[in-house]
Colleague: 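Before anything else, here's the structure in question.
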Amino acid sequence: QVQLVEPGGGLVNTGDSLRLSCAASTSTFNRYDMAWFRQAPGKEREFVAAILNDRLGTGTAYSDDVKGRFTISRDNAKSTAYLIMNSLRVDDTAVYYCAADRLGNPGRWRQYNSNPRSYEYWGKGTPVTVSS
């Protein structure tokens, strides 16, 4: 069982920046593909960003809504993934979830990294509220 802990959420203002962290309790963190999802009140959980595990190569993916504003990264030495959010908007308000899984190969990762059903391990979520 891989446990994911997501500190970093909070209340911010429109235009602010915020960094979310996701610490994973595994010694093989470099084998896992990591992702961030979010769920706003009354809406389905949606894809935000994903990053390929380092053993297979390099790669990131972003939703159209956050591309150019958010950046996903990972620090394998710390077994931690990050989501750096810039230019925050009110509609970024949501509970943000970290997710991890092994998608098997780069082809599968490219096809399925944005699907929440691809991920076995999930954090409890951290709320981000953006105030105007």
Colleague: List the atom of Lys43, the atom of Gln39, and the distance in Å for their closest heavy-atom pair.
Modeller: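 The answer is O-NE2, 3.1 Å.
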Colleague: Would you list the pairs meeting ring pair (Phe, Tyr, Trp, His ring centres under 6.0 Å) in which at least one residue belongs to residues 105-132, sequence neighbours left out?
Modeller: Phe37-Tyr119, Phe37-Trp122
Colleague: Could you give the distance from OH (Tyr96) to CD (Glu6), rounded to the nearest 0.5 Å?
Modeller: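 If we round to the nearest 0.5 Å, Tyr96:OH and Glu6:CD are 12.5 Å apart.
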Colleague: Could you go through the side-chain contact (heavy atoms from CB on, under 4.5 Å) check for Arg31 and Arg102 one step at a time?
Modeller: CA-CA 7 Å; Arg31 295 179 179 266; Arg102 298 176 180 179; 3.7 Å; yes
Colleague: State plainly whether one hydrophobic cluster holds both Leu20 and Val66, where clusters connect Ile, Leu, Val, Met, Phe, Trp and Tyr through side-chain heavy atoms under 4.5 angstrom apart.
Modeller: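 Yes, it is one cluster - the side chains of Leu20 and Val66 are joined through contacts under 4.5 Å.
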Colleague: List the steps and the verdict of side-chain contact (heavy atoms from CB on, under 4.5 Å) for Thr26 and Tyr32.
Modeller: CA-CA 10 Å; Thr26 175; Tyr32 286 89; 3.9 Å; yes
Colleague: Is there a side-chain contact (heavy atoms from CB on, under 4.5 Å) between Met85 and Ser17? Walk through the geometry before answering.
Modeller: CA-CA 5 Å; Met85 303 180 291; Ser17 297; over 6 Å; no
Colleague: Does the Asp33 side chain pair with the main chain of Leu52, one donor and one acceptor, at a distance under 3.5 Å?
Modeller: no
Colleague: Nearest 0.5 Å, please: how far is CZ in Arg117 from CG in Asp101?
Modeller: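 Rounded to the nearest 0.5 Å, the CG-CZ separation comes to 14.0 Å.
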Colleague: Working to the nearest 0.5 Å, report the span between CD of Gln3 and NZ of Lys124.
Modeller: 8.0 Å
Colleague: Treat each ILVMFWY residue as a node, draw an edge where side-chain heavy atoms are under 4.5 Å apart, and state whether Met34 and Ile84 are in one component.
Modeller: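 Different clusters.
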Colleague: Do Phe29 and Ile72 sit in the same hydrophobic cluster, where Ile, Leu, Val, Met, Phe, Trp and Tyr count as joined when their side-chain heavy atoms come under 4.5 Å apart?
Modeller: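 As far as the 4.5 Å side-chain criterion goes, Ile72 and Phe29 are connected within one cluster.
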Colleague: Counting only N and O atoms by type, is there a donor-acceptor contact under 3.5 Å from the side chain of Thr93 to the main-chain atoms of Val130?
Modeller: yes
Colleague: Side chains of Leu88 and Thr14, heavy atoms from C-beta outward: is any pair under 4.5 Å?
Modeller: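 Leu88 vs Thr14: side chains apart.
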Colleague: Rounded to the nearest 0.5 Å, how far apart are OG1 of Thr28 and CG of Asn53?
Modeller: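 One finds 10.0 Å between OG1 of Thr28 and CG of Asn53.
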Colleague: Going by side-chain hydrogen bond (donor to acceptor under 3.5 Å, both in side chains), name the pairs with one or both residues in residues 60-85, residues two or more places apart or in two chains.
Modeller: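 side-chain hydrogen bond (donor to acceptor under 3.5 Å, both in side chains) check on residues 60-85 returns Asp54-Asn76, Arg69-Asp92, Arg74-Asn76.
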Colleague: Quick check for you: to the nearest 0.5 Å, what is the distance between Thr126 atom OG1 and Leu83 atom CG?
Modeller: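 If we round to the nearest 0.5 Å, Thr126:OG1 and Leu83:CG are 11.0 Å apart.
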Colleague: Any donor-acceptor pair under 3.5 Å linking the side chain of Arg108 with the backbone of Leu103?
Modeller: yes
Colleague: Quick one: CG on Leu4 to SG on Cys22, what's the gap to the nearest 0.5 Å?
Modeller: 4.5 Å
